[in-house]
Amino acid sequence: MESGKVISLEMLKEARETVMSSPLRVVKTPLIPLHQTTLPLNVECNLYIKMENMQRTGSFKIRGVANQFARRPKGGHFVTMSAGNYGKAFAYASQLYGCRGKVVMPETAPSSRSSVIASFGVEVERVPTTSLLNAVDRCVREDNMLFLHSYDDIDLIAGHGSLGLEILETIPNPDVIVVCCGGGGLLAGVAAAIKLSNCGNTKIYGVEPEGACTMLKSFIEKKPVSMDTKSIAAGLAPPVAGQLTYEICRQHVEEVVLVTDEEIKAAVSALYKAGIVVEPSGAAAFAAITEKMIPDIKGKNVIVVISGGNIGKDELQNFPD
């Protein structure tokens, strides 16, 4: 399957219009040059930081959700699975659209995130990570809920692509873009938006935690694979790579690199000291930059996506000073 048959530039541009005119009030987030921050980072490139931690609901997920809900029946009864950020955006949209909703969460997700999601009036069920899909299937089968996938959904991916088109409005021909990867929705959307916008020379790198590298394994095995994932970056640890996201990433992403949980922790701490509040999942791409995992960036215009900032005081206590 060629990704051109799955997603097109026309679809991405239409999704961008939908996202930016959505009643969910999606924000055009800042793209900040490194020299305008207090980050003590010594890099040999022109680094820009895309601040999706400043997005409404605290992460990029609201972009895809805005496009998803715009193309679903009003007043529906939906179920999804999420470690936090998608669930928060889903709950926010459910409340605004007057839909009933349920979020199935892995037991490893911080309890503070369950509380935030429940505060929007949706039901939360916590299960072992390996039981997420079974719990969703039960809700669809027994309660007639409509499943909204948190990453492997074409409307969601197209909505996330709005981030890529937004980058191009500021830097028309970036050399390198570094994006975190869990299920691959953001990576697929951004990569497609960039490469289909006549930026064939732009190199797109995905970043996964070592303990949750489903996309890298999928690249190696040439098909979507599942694994028993474990990482401090719970939002990047779904148990299986998406079929759609894999197909799109396979065509448009140069490489997927891995970072350790310790490297992610260090990135969260470094950003926090510079006044930038970022959760572990949101800091993975930045960790790849600080650990020099991205090749051939000397003198290049490099963009790193800070994808989310939903982290509580209780979680921050677990990071080094």
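Computed from a predicted structure; not experimentally measured.
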Colleague: Have a look at Glu254 and tell me which of Ile294, Ile177, Ile204, Val176 forms a side-chain contact (heavy atoms from CB on, under 4.5 Å) with it.
Modeller: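 One option only clears the test, and that one is Ile204.
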Colleague: Name the residue from Arg63, Arg16, Lys28 that meets the side chain to side chain donor-acceptor pair (under 3.5 Å) definition with Ser162.
Modeller: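 That would be Arg63; it is the only one of Arg63, Arg16, Lys28 passing the side chain to side chain donor-acceptor pair (under 3.5 Å) with Ser162.
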Colleague: Looking only at non-hydrogen atoms, find the nearest pair between Val27 and Met20 and report the distance.
Modeller: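 Taking every non-hydrogen atom into account, C-CE, 4.2 Å.
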Colleague: Heavy atoms only: give me the nearest Ile289-Leu41 pair and the separation to one decimal.
Modeller: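 It is CG2-CD2, 4.2 Å.
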Colleague: Under 3.5 Å, is there a donor-acceptor pair between the side chain of Glu263 and the main chain of Thr260?
Modeller: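 A pair under 3.5 Å: yes.
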Colleague: Quick check: closest heavy atoms across Ser197 and Leu165, and the distance to 0.1 Å?
Modeller: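 It is OG-CD2, 3.6 Å.
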Colleague: Let's go through Lys88 and Arg113 carefully: what are the C-alpha distance in whole Å and the side-chain angles of both, what is the deciding distance for side chain to side chain contact (heavy atoms under 4.5 Å, CB included) to 0.1 Å, and is it a yes or a no?
Modeller: CA-CA 8 Å; Lys88 185 177 179 182; Arg113 306 206 181 173; over 6 Å; no
Colleague: Check for me, please, whether Leu168 and Ile171 land in the same ILVMFWY cluster - side-chain distances under 4.5 Å, paths through other members count.
Modeller: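 Per the 4.5 Å side-chain linkage, Leu168 and Ile171 are co-clustered.
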Colleague: Crowded around Glu44 CD? As in, over 12 foreign heavy atoms under 6.0 Å?
Modeller: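 No, not enclosed.
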Colleague: Would you say Lys203 has more than 12 foreign heavy atoms packed within less than 6.0 Å of its NZ?
Modeller: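 Not more than 12 within 6.0 Å, no.
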Colleague: Could you go through Glu291 and Val257, starting from their C-alpha distance and side-chain angles, then the distance that decides it, and tell me whether this counts as side chain to side chain contact (heavy atoms under 4.5 Å, CB included)?
Modeller: CA-CA 11 Å; Glu291 298 299 325; Val257 303; over 6 Å; no
Colleague: Without swapping roles, check the side chain of His160 against the backbone of Gly64 for a donor-acceptor pair under 3.5 Å.
Modeller: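 Yes; judged by distance alone, with no hydrogens or angles, the pair exists.
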Colleague: Using atom types as modelled and distance alone, determine if a side-chain donor or acceptor of Gln55 lies under 3.5 Å from a backbone N or O of Ile62.
Modeller: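 Checked: no pair found.
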Colleague: With a 3.5 Å cut-off and no angle check, do the side chains of Ser94 and Arg100 form a donor-acceptor pair?
Modeller: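 Not at all, the side chains of Ser94 and Arg100 share no donor-acceptor pair under 3.5 Å.
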Colleague: What's the verdict on side chain to side chain contact (heavy atoms under 4.5 Å, CB included) for Asp175 and Ile303, showing C-alpha distance, side-chain angles and the deciding distance?
Modeller: CA-CA 8 Å; Asp175 296 305; Ile303 294 156; over 6 Å; no
Colleague: Give the C-alpha distance, both sets of side-chain angles, the deciding distance and a yes or no for side chain to side chain contact (heavy atoms under 4.5 Å, CB included) between Val104 and Val79.
Modeller: CA-CA 8 Å; Val104 179; Val79 62; 4.1 Å; yes
Colleague: Quick one, Glu52 and Ser59 - any side-chain contact, counting heavy atoms below 4.5 Å?
Modeller: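 Sidechains of Ser59 and Glu52: no contact.
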Colleague: Main chain of Gly87, side chain of Ser82: is a donor-acceptor contact present, judged purely on distance under 3.5 Å?
Modeller: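 Yes, the answer is positive, given that a donor and an acceptor are paired below the 3.5 Å cut-off.
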Colleague: Mark yes when over 12 heavy atoms from residues, nucleotides or ligands other than Asp137 sit less than 6.0 Å from its CG; otherwise mark no.
Modeller: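 Yes, enclosed.
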Colleague: Among side-chain atoms of Gln36 and Tyr48, is any donor-acceptor pair under 3.5 angstrom?
Modeller: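 Their side chains do not contain a donor-acceptor pair, so the 3.5 Å distance test is not met.
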Colleague: Determine whether the aromatic ring centres of Phe90 and Phe120 lie less than 6.0 Å apart.
Modeller: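 No.
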Colleague: More than 12 heavy atoms of other residues, nucleotides or ligands under 6.0 Å from NZ of Lys74: is that the case?
Modeller: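 Atom NZ in Lys74 is packed in, count exceeds 12.
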Colleague: Between the side chains of Thr18 and Arg71, is a donor N or O closer than 3.5 angstrom to an acceptor N or O?
Modeller: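 Indeed, the side chains of Thr18 and Arg71 share at least one donor-acceptor pair under 3.5 Å.
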Colleague: So if you build clusters from Ile, Leu, Val, Met, Phe, Trp, Tyr with side-chain heavy-atom gaps below 4.5 Å, do Leu9 and Ile248 land together?
Modeller: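 Same cluster.
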Colleague: Does this structure show an ion pair linking Lys230 with Glu210, if we count only N-O contacts that are shorter than 4.0 Å?
Modeller: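 Between Glu210 and Lys230 there is no salt bridge, as every charged N stays at least 4.0 Å from the carboxylate O atoms.
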Colleague: Is it the case that one hydrophobic cluster holds both Val207 and Phe286, taking links as side-chain heavy atoms less than 4.5 Å apart, direct or via other members?
Modeller: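 They do share one cluster, since a chain of ILVMFWY contacts under 4.5 Å joins Val207 to Phe286.
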Colleague: If only side-chain N and O atoms count, and only distance matters, is there a donor-acceptor pair under 3.5 Å linking Glu247 with Gln251?
Modeller: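 Per modelled atom types, Gln251 and Glu247 side chains form no pair under 3.5 Å.
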Colleague: Return yes if some donor-acceptor pair links the side-chain N/O of Thr80 with the main-chain N/O of Leu148 below 3.5 Å, else return no.
Modeller: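 Indeed, once roles are kept as given, a pair shorter than 3.5 Å links the two residues.
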Colleague: Given the rule that I, L, V, M, F, W and Y join up when any side-chain heavy atoms are under 4.5 Å apart, are Tyr86 and Met105 in one cluster?
Modeller: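 Yes; tracing contacts between hydrophobic side chains, which count when under 4.5 Å, links both residues.
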Colleague: Is Asp152 reaching over with its side chain to a backbone N or O of Ala241, donor-acceptor style, under 3.5 angstrom?
Modeller: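 Checked: no pair found.
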Colleague: Testing the basics here: between Ala91 and Val122, what is the closest heavy-atom pair and its distance to 0.1 Å?
Modeller: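 Looking at all heavy atoms of both residues, the shortest contact is CB-CG2, 3.7 Å.
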Colleague: Has Lys195 got a side-chain atom pairing as donor or acceptor with Thr202's backbone, closer than 3.5 angstrom?
Modeller: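 It does hold such a pair.
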Colleague: Should Met215 and Leu186 be counted in the same cluster of Ile, Leu, Val, Met, Phe, Trp and Tyr side chains packed under 4.5 Å apart?
Modeller: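 Linked, Met215 and Leu186 end up in one cluster.
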Colleague: With heavy-atom distances below 4.5 Å as the criterion, would you say the side chains of Val278 and Ile311 are in contact?
Modeller: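 Counting from C-beta outward, Val278 and Ile311 never come under 4.5 Å.
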Colleague: Is the Phe147 ring parallel, tilted or perpendicular to the His149 ring (thresholds 30°, 60°)?
Modeller: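 Geometry flag for His149 against Phe147: tilted rings.
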Colleague: Do Arg138 and Glu125 have side chains that approach each other closer than 4.5 Å (heavy atoms only, starting at C-beta)?
Modeller: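 Touching, per the 4.5 Å side-chain cut-off.
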Colleague: Is the number of heavy atoms from other residues, nucleotides or ligands within 6.0 Å of CE (Met54) greater than 12?
Modeller: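 Open.
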Colleague: Under the salt bridge (Lys or Arg N to Asp or Glu O under 4.0 Å) rule, what do Arg72 and Asp155 come out as? Steps first, then yes or no, please.
Modeller: CA-CA 10 Å; Arg72 295 301 191 280; Asp155 294 325; 2.8 Å; yes
Colleague: Mind listing the closest non-hydrogen atom pair of Ser307 and Cys180 along with its distance?
Modeller: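 Residues Ser307 and Cys180, closest heavy atoms: OG-SG, 3.3 Å.
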Colleague: Do Asn46 and Lys300 have a side chain donor and acceptor closer than 3.5 Å?
Modeller: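 There is no such pair between these side chains.
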Colleague: List the atom of Ser231, the atom of Pro209, and the distance in Å for their closest heavy-atom pair.
Modeller: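 Heavy atoms only, the tightest pair is OG-CB, 3.3 Å.
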Colleague: Does a donor on one side chain and an acceptor on the other come within less than 3.5 Å for Glu279 and Asn85?
Modeller: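 A donor-acceptor contact under 3.5 Å links the two side chains.
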Colleague: Can a donor-acceptor pair be found, under 3.5 Å and without considering hydrogens, that links the side chain of Ser150 to the backbone of Met81?
Modeller: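 Looks like yes, one N/O pair under 3.5 Å.
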Colleague: Can you name the one residue among Val43, Val302, Leu47 that meets side-chain contact (heavy atoms from CB on, under 4.5 Å) with Ile297?
Modeller: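 Testing each of Val43, Val302, Leu47 against Ile297, the sole residue satisfying side-chain contact (heavy atoms from CB on, under 4.5 Å) is Val302.
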Colleague: With a 4.5 Å limit on heavy-atom distance, are the side chains of Ser131 and Pro128 in contact?
Modeller: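 Contact flag for Ser131/Pro128 side chains = yes.
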Colleague: With a 3.5 Å cut-off and no angle check, do the side chains of Thr29 and Lys50 form a donor-acceptor pair?
Modeller: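 Yes, because at least one side-chain N or O of Thr29 sits under 3.5 Å from a partner of the opposite role on Lys50.
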Colleague: In the structure I gave you, are the side-chain heavy atoms of Thr245 and Leu187 within less than 4.5 Å of one another anywhere?
Modeller: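 Answer no - side chains too far apart.
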Colleague: Ser8 side chain to Met11 main-chain N or O, any donor-acceptor pair under 3.5 Å?
Modeller: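 Yes: the side chain of Ser8 pairs with the backbone of Met11.
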Colleague: So does Val225 get a backbone contact from the side chain of Tyr246, meaning a donor-acceptor N/O pair under 3.5 Å?
Modeller: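 No, the answer is negative, given that no donor and acceptor are paired below the 3.5 Å cut-off.
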